[in-house]
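Reviewing the structure listed below.
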Amino acid sequence: MSTSPVEQSVEVSAAVLKFLATPLHKSFVGGGWVEAEDNQTFDVVDPGSAEKIATVTSFKKADVDKAVGVADHAFQKSGWAKMQVAERAACLHRIADAVETRKADFAAVESLDCGKIYNQALGDVQNFIDTFRYFADLSQAVNYRQVIAVKNHEAWVSRKPWGPCGFIIPWNFPFLLAGWGLAPALAAGNTCVLKPAEDTPLSSLYLCRIIQELDLLPEGVLNVVTGLGETAGAAISQNPKFRRMSFTGSPEVGRMVAEAAGRNLIPVKCELGGKGAAVIFNDVDIQQTAEKLVQAITFHSGQVCCDATRWLIQSDIYDDFVGECVTRMKSVQVGYQMDSKAQMGPVVSSKQRTRVLSYLKKGVADGADLLLEGGEAHVPGKKGFYVKPALLAGSLNNVAAREEIFGPVAFLAPFSSEEDGVRLANDTEYGLGNSVWSKDLQRCARVAEAFVAGNGWINAHNVVVHGVPYGGVGKSGMGGGVVSPDTLNDYLRPISVVRPL
Ligand code: NAD
């Protein structure tokens with residue numbers, strides 16, 4: 001591992017600087033900017049420099065409840081729910097257009113806010129645009145009145161929007177995940193209240209600013225409320241006016257949100273953590289496979305829910321594969337996220353850095369071998385939250401092999417046969433994304449289908465494509481996935497209409 005010299009090669013536009021200079025970033029409710037009743041705020045920090053970049057209003061329950069009331073009112077009165085589908089789709093395309101023409105600005109805001117390498121942030125912004133366009137187009141192909149042929153009855157299923165929908169999202173992909181949540185709900189005619197993570201609220205507030213400036217949505221259709229998880233987040237999860245709830249984040253909080261929504265009998269979608277495996281057979285190209293896995297685990301500093309964090313390697317290539325991974329991991333350039341030479345930026349916060357480092361210690365204490373030491377990294381001139389990538393190996397019963405670390409750390413272990421590889425991959429409480437690596441595509445298909453997970457990838461990892469359902473099972477999620485036709489359907493309320501003949 002090496003660190004790059006301090007250099008900010010990505011220029012931040014005047015528009016972004018003006019946005020960041022806003023003295024207080026208020027929440028966006030009913031088309032306007034609203035402060036918390038108690039005037040409380042919290043600070044947002046650039047993870048790469050550890051410097052404050054914004055002050056944001058801290059909503060409490062009463063503020064959140066008002067915002068949900070506004071979304072409910074907009075559902076009844078704004079005309080959004082009853083708008084022609086094509087007209088609504090055009091609104092979504094206009095939002096995508098507006099983001100597209102400001103792509104660099106959104107990427108800069110996202111990069112500074114969550115410490116994501118600027119080019120990776122650009123990819124997230126493109127994904128947001130694609131998601132809005134995908135659901136805008138898909139909404140026009142839905143059969144909103146599906147006739148069912150049954151004996152002696154006339155029958156059909158009509159599909160309507162549900163009402164106000166709540167979204168709570170994490171800090172690792174703030175803008176991309178806002179898109180995954182909002183686009184299908186809006187395309188279906190619902191209204192939304194989104195609470196971004198307190199570490200990374202800026203890109204969704206920037207979106208609201210553009211929506212307001214260009215008058216892209218009726219007032220109250222999209223509301224973004226900022227606040228802490230235990231106050232604003234809890235208030236979202238407990239509000240009985242919502243008709244759908246969507247939570248993305250840790251299993252611990254997901255359980256609380258699901259419990260609260262369950263008490264109100266509100267259907268909830270949970271996209272949670274992961275402990276993905278890569279099952280690597282002895283016929284792979286060792287260099288190429290090692291390269292791809294190292295890229296995956298260092299992408300966004302390993303803060304990716306579906307990452308391969310357990311690398312299971314067929315015994316006869318184990319030593320060669322480990323050697324290749326160690327060499328490649330050592331050469332990853334850690335640096336400031338806006339420095340174009342940096343390959344891996346900081347983790348999101350000092351708390352997250354402590355978490356990553358403590359898992360290395362706990363893993364070693366629990367008997368793991370340290371193949372690549374990891375530890376704190378120092379980027380000259382920057383006081384941010386940097387860590388070095390690390391590799392552990394040993395028994396998969398190790399705490400670092402079982403629990404989600406959420407950093408650039410992989411745990412390596414050998415396996416003997418196909419059966420053994422599948423068994424080890426499935427020996428986890430999580431079930432989000434696993435991959436299989438081999439030249440034998442029949443074996444790949446067999447193994448991918450044998451995974452007990454939402455996603456099985458072949459000769460690649462972290463492959464999320466619009467149109468293909470993405471979700472988790474077990475501790476990784478429940479209630480349906482995202483980015484597919486099923487998702488749009490989740491945001492449409494079915495009513496069966498029947499007339500005996
Ligand atoms: P987190 O669970 O701590 O926080 C997620 C969100 O929940 C934040 O907005 C937070 O403010 C809010 N929150 C916190 N306490 C709350 C409470 N008591 N009630 C309601 N809301 C509350 O997760 P995180 O640390 O921000 O994100 C990392 C986690 O997210 C990892 O486990 C990761 O795997 C998971 N994740 C999953 C997916 C997926 O698609 N499956 C995608 C991204 C991240």
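Small disclaimer: the values here were computed from a predicted structure and weren't measured.
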_Using a strict threshold of under 4.0 Å (side-chain N to carboxylate O), is an ion pair present between Glu100 and Arg133?_
yes
*asked:* Taking Lys66 first and then Glu37, would you say they form a salt bridge - that is, a charged N and a carboxylate O separated by under 4.0 Å?
replied: yes
Would you confirm whether [X], through its side chain, and [Y], through its main-chain N or O, come within 3.5 Å as a donor-acceptor pair?
X	Y	answer
Ser78	Phe75	no
Gln146	Ser158	no
Ser349	Gln352	yes
Ser301	Gln303	no
Glu404	Gly274	yes
Asn434	Ala277	yes
Arg243	Cys165	no
Arg88	Ala81	yes
His461	Ala308	yes
Thr22	Leu24	no

Centroid-centroid under 6.0 Å between [X] and [Y] rings:
X	Y	answer
Phe173	His300	yes
Tyr470	Trp180	yes
Tyr491	Trp162	no

If you measure from [atom1] on [X] to [atom2] on [Y], what distance do you get to the nearest 0.5 Å?
X	Y	atom1	atom2	answer
Cys306	Glu271	SG	CD	10.5 Å
Ile169	Thr248	CD1	OG1	7.5 Å
Asp46	Met338	CG	CE	8.5 Å
Ser350	Lys383	OG	NZ	14.0 Å
Asp63	Gln40	CG	CD	10.0 Å
Thr487	Lys269	OG1	NZ	5.0 Å

Check the side chains of [Y] and [X] for a donor-acceptor pair under 3.5 angstrom, ignoring hydrogens and angles.
X	Y	answer
Asn127	Thr131	yes
Asp339	Gln333	no
Asp65	Asn239	yes
Lys61	Gln238	no
Thr200	Asp113	no
Gln337	Ser111	no
Gln120	Asp124	no
Arg102	Ser13	no
Ser27	Thr57	no

[atom1] of [X]: more than 12 outside heavy atoms within 6.0 angstrom?
X	atom1	result
Leu17	CG	yes
Lys103	NZ	yes
Glu252	CD	yes
Glu429	CD	no

*Mind checking ring pair (Phe, Tyr, Trp, His ring centres under 6.0 Å) for Trp171 and listing every partner two or more places apart, or none if nothing turns up?*
Phe406
*Take Val157 and Ile495 through the side-chain contact (heavy atoms from CB on, under 4.5 Å) test and state the conclusion after the steps.*
CA-CA 5 Å; Val157 175; Ile495 171 154; over 6 Å; no
Are any non-hydrogen side-chain atoms of [X] and [Y] less than 4.5 angstrom apart?
X	Y	result
Asn489	Arg159	yes
Trp33	Arg209	yes
Val257	Met245	yes
Thr41	Val56	no
Val334	Val379	yes
Val44	Asp199	no

*Only one of Leu92, Leu492, Val85, Leu186 forms a side chain to side chain contact (heavy atoms under 4.5 Å, CB included) with Ser139, so which one is it?*
Val85
_Val34 and Phe59: CA distance, side-chain angles, deciding distance, side-chain contact (heavy atoms from CB on, under 4.5 Å) verdict_ = CA-CA 9 Å; Val34 180; Phe59 263 28; 4.0 Å; yes
*Output every pair passing ring pair (Phe, Tyr, Trp, His ring centres under 6.0 Å) with a member in residues 77-126, not counting sequence neighbours, ordered by first then second residue.*
Phe106-Phe175, Phe106-Tyr206
*Going through the checks in order, is the salt bridge (Lys or Arg N to Asp or Glu O under 4.0 Å) test met by Lys388 and Glu376?*
CA-CA 6 Å; Lys388 300 175 195 167; Glu376 204 164 320; over 6 Å; no
_Checking Phe19 against Ile210 for the side-chain contact (heavy atoms from CB on, under 4.5 Å) test, could you report, in this order, the C-alpha distance in whole Å, the side-chain angles of both residues, the deciding distance, and whether it holds?_
CA-CA 11 Å; Phe19 169 68; Ile210 303 300; over 6 Å; no
*Show the numbers, then the answer: is there a side-chain contact (heavy atoms from CB on, under 4.5 Å) between Phe167 and Leu177?*
CA-CA 10 Å; Phe167 297 88; Leu177 292 173; over 6 Å; no
*Could you tell me whether Lys382 sits above the aromatic face of Tyr336, with NZ or CZ closer than 6.0 angstrom to the six-membered ring centre and within 45 degrees of the axis?*
yes
